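Notes follow once the structure below has been shown.
Just the heavy atoms: all of them, side chains too, but no hydrogens, waters or symmetry mates, feed the values below. What you see is a predicted model, and the numbers here were worked out from it, not measured in a lab. Counting starts at 1 for both ligands and their atoms, in listed order.
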Amino acid sequence: MADPILPTQARVVVIGGGIIGTSIAYHLAGAGCDVVLLERHRLTSGTTWHAAGLMVTFGSTSETSTEMRKYTRDLYARLEAETGQATGLAQVGFIEVASDKDRLEEYRRVSAFNRLCGVDVQEISPQEVLDLFPLAKIDDVLAGFYVKDDGRVNPVDVTMALGKGARMKGARIIEDCPVLEVLDDGRKVRGVRTAYGDIACEVVVNCAGMWARQLGKKNGVTIPLQAAEHYYLITEPIAAVQKHWPVLEDPGCHGYYREEGGGLMIGLFEPKCAPWKIAGIPEDFSFGEISPDWERMGPYVERAMSRVPITLETGIKKFFCGPESFTPDLRPCIGEAPELRGYFVAAGLNSIGILTGGGLGRVMAHWILNGRPDVDVTGFNIDRLQTFQATPEYRRTRTVESLGMVYQCHYPFRSMQTARGVKRSVLHQHLERQGAYFKDVSGWEGTDWFAGEGETPDPGPLSWDRPKFWSHWQREHEAVRQGVILMDMSFMSKFSVEGRDAGRLLNYLSTNEVDGPSERVTYTQWLNDDGGIEADLTVTKLAADKFFVVASDTCQRHVETWMRRHFENGHAFVTDITGSYAQLNIQGPKSRELLQTLTTADLSHEAFPFRTARKIDLGLAEALCLRITYLGELGYELYIPTEMAAYVYEQLVSHGKAFGLVHAGLKALASCRMEKGYRDWGHDIDNTDDVVSTGLAFTCAFDKPNGFIGQNAVLTKKGKPLTKRLVQVLLEDPEPLLFHAEPVWRNGERVGYIRAASYGFTLGGAVGLAMVDGGTSPVTPGWLSAGRWEVEVGNLRVPARVSLKPLYDPENACVKL
Ligand SMILES: Cc1cc2nc3c(=O)[nH]c(=O)nc-3n(C[C@H](O)[C@H](O)[C@H](O)COP(=O)(O)OP(=O)(O)OC[C@H]3O[C@@H](n4cnc5c(N)ncnc54)[C@H](O)[C@@H]3O)c2cc1C
């Protein structure tokens with residue numbers, strides 16, 4: 001075969017011709033972009049060729065993911081007409097069955113959200129499940145969830161159709177051409193190297209599937225994904241099986257079922273899975289299979305077959321195992337790598353690459369061409385992941401859990417159980433002695449709640465109801481509101497920013513004035529040019545050329561990258577000091593009194609007003625003390641050099657006895673901040689939101705001489721009627737719980753959904769934040785009070801109150817004591 005002839009340059013080079021690479025090339029070419037796709041061997045030869053081809057829009061409580069699925073199904077439906085290449089799309093329908101009460105609750109909640117997003121999902125009876133899939137066993141089925149327009153595609157055909165469509169729009173697709181390395185100049189991408197020559201380009205998109213990690217590593221780009229064994233079997237023909245039967249899925253039995261070759265395909269997601277080739281994926285693995293592990297899989301296969309009992313007596317034609325990439329949190333790795341400009345990644349599809357591939361291609365193309373995505377990517381952006389998550393041991397350990405998570409019941413308070421303990425606060429053992437129940441907080445062991453001194457925490461069974469630790473949570477919440485609590489939040493991301501230009505540059509990033517007087521904490525937003533929120537954080541000015549930036553754990557790399565990329569031409573240096581300081585929160589109405597017993601600094605309101613930041617003595621030690629709160633009370637954040645943290649903690653606990661000091665965890669943080677309506681980036685606000693509709697315009701200092709990034713975008717919104725606004729929602733009934741994604745109704749119509757929620761022990765009910773859409777009506781206090789509000793919780797519509805102002809302490813009196 002003749003060597004491929006390569007262009008010498010292109011704007012974008014896509015590496016890898018699986019479903020994702022071809023979809024991105026298709027969408028880039030469609031937007032008129034000069035794009036080349038290089039495939040190591042043949043299109044689909046990695047994972048795509050052997051996918052089962054389920055095309056399902058049901059099942060996610062992420063708006064972004066649901067929109068991607070819907071877009072994908074629509075795209076696959078029109079590709080054949082556009083390209084002349086069939087996709088094998090068969091909209092035979094899809095049924096998810098629930099055979100226990102917890103899954104029933106989950107799917108009802110998911111259905112409500114999916115319907116809000118425009119997915120036509122109906123709850124059907126067991127008999128209706130049987131009517132649609134007559135070989136299913138339904139004696140234990142409680143309900144089915146049916147989407148009649150879902151179904152399946154042929155993954156190879158759909159990839160070929162995307163490839164053909166991409167070529168028709170001007171993309172060049174070159175097979176048998178592995179990318180040997182990506183070329184960069186230390187800061188940004190400048191091209192790719194192949195055995196047949198180099199191609200100069202501005203952007204590469206690493207779509208190399210399970211090879212993406214090892215390819216990224218060559219340029220220092222961390223892509224923490226890992227291949228794992230993934231199985232399906234195909235039975236011998238079964239006379240009764242009909243081609244038009246819907247795809248059936250029963251996560252409780254670990255299986256999905258669809259017609260294949262006159263028999264059934266049974267796909268499996270076993271609860272404990274097996275990572276494949278930790279050390280590295282062989283470069284020459286192509287259209288490859290893995291020898292199935294019959295012994296490990298036997299019990300799962302049997303259980304899966306029990307849902308369609310005839311399969312237990314039918315021969316197995318093929319037991320197939322192929323590798324698929326999984327990520328630490330079961331969400332894809334997409335976006336521009338923090339390490340290198342112009343290096344984009346779209347990999348780690350966690351077994352839904354076919355059914356999200358079309359939408360993902362559209363999102364990536366938009367992101368590449370416009371510099372930012374047009375959907376919420378806070379949960380998907382590669383910069384949420386950290387470098388330690390790519391270590392062999394991390395991948396070996398975590399991947400055992402992640403594939404199994406696909407079919408677990410997605411309980412609200414579940415934390416990943418594997419790959420734990422890697423990051424611990426220096427106070428870990430002290431907290432353990434107080435009965436801390438730990439959860440995974442970006443790799444840290446963060447205390448969720450405390451069982452009490454000397455007690456062993458027992459979280460009880462996972463459930464959708466009030467958890468067993470309810471009384472501990474309530475006690476901690478009430479201590480925040482009425483007494484004083486100690487909360488270890490050492491996992492918060494902390495940065496030192498120093499240099500002659502540090503103040504000027506930070507001020508330009510920040511909506512608020514952060515370069516005023518020293519010893520001042522400022523709550524601010526960072527926006528992009530379109531006014532979308534990129535970060536929500538505090539900036540503290542310590543001295544003219546010295547600043548302290550604190551953000552939440554999830555956006556550590558996002559915030560750091562944002563600063564580094566904006567400081568390139570200035571005299572400002574960013575150091576991540578997260579691990580150098582413990583963070584202890586002393587919060588609550590009695591916090592001043594307690595802290596005053598330990599320091600000679602005057603903590604009176606006059607001497608140490610709200611937003612003051614000062615180094616203070618604490619007995620023998622010193623700490624940076626910020627008078628600020630995320631709980632809505634008088635309170636202080638202490639940033640203590642880690643080596644002094646245990647001493648300070650011991651002093652606080654001992655002096656705290658007289659004040660009834662209570663240890664509090666993240667559950668109390670969540671419930672207190674939610675009562676106060678404090679925002680949390682990545683949960684209730686995201687990159688597609690602006691400060692005006694999210695109620696954060698108060699952070700904008702429009703009179704700063706040099707303005708701030710995104711100022712013009714904010715000004716175009718400010719003062720205009722807003723048809724979408726973030727509101728606080730409180731259920732009138734104290735019993736039902738809110739978690740996330742519950743639709744919000746006004747006068748019998750859906751107008752939004754709960755983005756994040758908790759339980760308001762002070763307010764007396766579940767409380768959340770929702771972006772509500774008034775359609776043609778501006779969302780004003782009058783419009784809110786004129787409506788009859790409800791929240792859809794499972795199959796119930798629960799009356800609710802809504803408010804633009806915080807329902808707890810709207811005048812901030814408690815904070816400014
Ligand atoms: C058994 C099984 C069943 C599945 N069923 C479904 C399903 O029903 N529905 C669904 O949505 N998903 C399903 N999936 C998941 C789906 O197949 C994947 O998510 C998807 O195929 C991943 O696509 P990709 O483009 O990221 O990776 P790949 O298809 O692996 O593509 C990556 C490509 O990159 C190429 N490449 C690698 N290195 C280089 C290099 N250096 N230079 C050039 N090219 C390179 C490879 O050759 C490969 O072609 C299933 C997966 C498995 C294993």
*State the CD1-CH2 distance between Ile281 and Trp211, to the nearest 0.5 angstrom.*
7.5 Å
_If we count only N and O atoms by modelled type, under 3.5 Å, do the side chains of Ser45 and Glu39 hold a donor and an acceptor together?_
yes
*For atom 47 (O) of ligand 1, what's the nearest protein heavy atom and its distance?*
Glu39 OE2, 2.6 Å
*Please answer whether the main-chain N or O of Leu54 pairs with a side-chain N or O of Arg152 as donor and acceptor at a distance below 3.5 Å.*
no
*Proximal ligand 1 atoms for Gly46, defined as those under 4.0 Å from one of its heavy atoms*: 30 (O), 48 (C), 49 (O)
*Does some non-hydrogen atom of Ala347 fall short of 4.0 Å from ligand 1?*
no
_Closest approach of any protein heavy atom to atom 19 (O) of ligand 1, naming residue and atom_ = Glu324 OE2, 2.6 Å
*Which atoms of ligand 1 sit under 4.0 Å from any heavy atom of Gly18?*
25 (O), 29 (O), 31 (O), 33 (C)
*asked:* Less than 6.0 angstrom separating the ring centers of Tyr231 and Phe319, yes or no?
replied: yes
*Cation over ring face, Lys169 and Tyr26, 6.0 Å, 45°*: yes
*How far does CZ of Arg103 sit from NE2 of His410, to the nearest 0.5 angstrom?*
8.5 Å
*asked:* Using the rule side-chain contact (heavy atoms from CB on, under 4.5 Å), only one of Leu132, Leu135, Val92 pairs with Trp245; which is it?
replied: Leu135
*Ligand-side contact atoms (ligand 1) for residue partner Ile15, heavy atom cut-off under 4.0 Å*: 40 (C), 42 (N), 43 (C)
_Nearest heavy-atom neighbours spanning Tyr146 and Ile124_ = CB-CD1, 3.8 Å
_With a heavy-atom distance limit of 4.0 Å, tell me whether Cys207 approaches ligand 1 through its side chain, its backbone, both, or neither._
backbone
*Please indicate whether any nitrogen or oxygen in Ile19 is less than 3.5 Å from any nitrogen or oxygen in ligand 1.*
yes
*Within a distance under 4.0 Å of any heavy atom of Ser45, pick out the atoms of ligand 1 and give their elements.*
47 (O), 49 (O)
*For atom 52 (C) of ligand 1, which protein heavy atom lies nearest, and how many Å away is it?*
His230 CD2, 3.3 Å
*Can you tell me which residue and heavy atom of the protein come closest to atom 42 (N) of ligand 1, and the distance to 0.1 Å?*
Val179 N, 2.9 Å
*Under 3.5 Å, N or O to N or O, is Thr44 touching ligand 1 that way?*
no
_Test of proximity, His41 against ligand 1: N or O pairs below 3.5 Å_ = no
*asked:* Quiz question: by atom type and distance under 3.5 Å, do the side chains of Glu339 and Thr222 form a donor-acceptor pair?
replied: yes
*At what distance is the nearest protein heavy atom to atom 13 (C) of ligand 1, and which residue and atom is it?*
Ser351 O, 3.3 Å
*asked:* Regarding atom 44 (N) of ligand 1: of the candidates Arg40, Arg69, Glu229, Met210, which has the closest heavy atom?
replied: Arg40
*Do any N/O atoms on Thr47 end up under 3.5 angstrom from N/O atoms on ligand 1?*
yes
*Check the side chains of Thr87 and Asp157 for a donor-acceptor pair under 3.5 angstrom, ignoring hydrogens and angles.*
no
*Before signing off on this row, confirm whether Gly322 and ligand 1 have an N or O atom pair separated by under 3.5 Å.*
no
*Number the atoms of ligand 1 from 1 as they appear, then name those within less than 4.0 Å of a heavy atom of Tyr232, with their elements.*
1 (C)
*Answer yes when Asp374 and Arg362 have at least one side-chain N-carboxylate O distance shorter than 4.0 Å, and no when they do not.*
yes
*asked:* Does ligand 1 come near enough to Gly21 that some N or O of the ligand is less than 3.5 Å from an N or O of the residue?
replied: no
_Please work out, at 4.0 Å between heavy atoms, whether the side chain, the backbone, both, or neither of Trp49 comes within that distance of ligand 1._
neither
_To check your reading of the model: name the closest protein heavy atom to atom 24 (P) of ligand 1, its residue, and the distance in Å._
Ile20 CG1, 3.9 Å
*Where's the contact between Ile354 and ligand 1, heavy-atom distance under 4.0 Å: side chain, backbone, both or neither?*
both
*Verify, without hydrogens or angle tests, whether Lys217 (side chain) and Ile223 (backbone) share a donor-acceptor contact under 3.5 angstrom.*
no
_Enumerated ligand 1 atoms positioned under 4.0 Å from heavy atoms of Leu38_ = 43 (C), 44 (N)
*State whether a side-chain donor-acceptor pair under 3.5 Å links Asp184 with Tyr343.*
no
*Go through ligand 1 atom by atom and flag the ones less than 4.0 Å from a non-hydrogen atom of His50.*
52 (C), 53 (C)
*With atoms numbered from 1 as shown, which atoms in ligand 1 lie under 4.0 angstrom from a non-hydrogen atom of Leu349?*
19 (O), 26 (O)
*Hey, is the main chain of Arg11 close enough, under 3.5 Å, to the side chain of Glu202 for a donor-acceptor pair?*
no
*asked:* I want to know if ligand 1 touches Leu355 in the polar sense, i.e. an N/O pair below 3.5 angstrom.
replied: yes
*Work out which heavy atom in Trp276 is nearest to a heavy atom in Pro323; give both atom names and the distance.*
CE3-CB, 3.6 Å
*So which heavy atom in the protein is nearest atom 21 (O) of ligand 1, and how far is it from that ligand atom?*
Thr48 OG1, 2.9 Å
*Would you please test His27 and Tyr71 for ring pair (Phe, Tyr, Trp, His ring centres under 6.0 Å) and show each step?*
CA-CA 12 Å; His27 286 91; Tyr71 176 91; 5.6 Å; yes
*Could you find the nearest protein heavy atom to atom 8 (O) of ligand 1 and give me its residue, atom name and distance?*
Leu54 N, 2.7 Å
Donor-acceptor pairs are to be reported for all side-chain atoms of residues 191-201 against protein atoms at under 3.5 Å, with residues two or more places apart or in another chain.
from: Arg193; atom 1: NE; to: Asp198; atom 2: OD1; distance (Å): 2.9
from: Arg193; atom 1: NE; to: Asp198; atom 2: OD2; distance (Å): 3.3
from: Arg193; atom 1: NH2; to: Asp198; atom 2: OD2; distance (Å): 2.7
from: Thr194; atom 1: OG1; to: Tyr196; atom 2: N; distance (Å): 2.9
from: Thr194; atom 1: OG1; to: Gly197; atom 2: N; distance (Å): 3.2
from: Thr194; atom 1: OG1; to: Gly197; atom 2: O; distance (Å): 2.8

_Contact (N/O only, under 3.5 Å) between Gly53 and ligand 1_ = yes
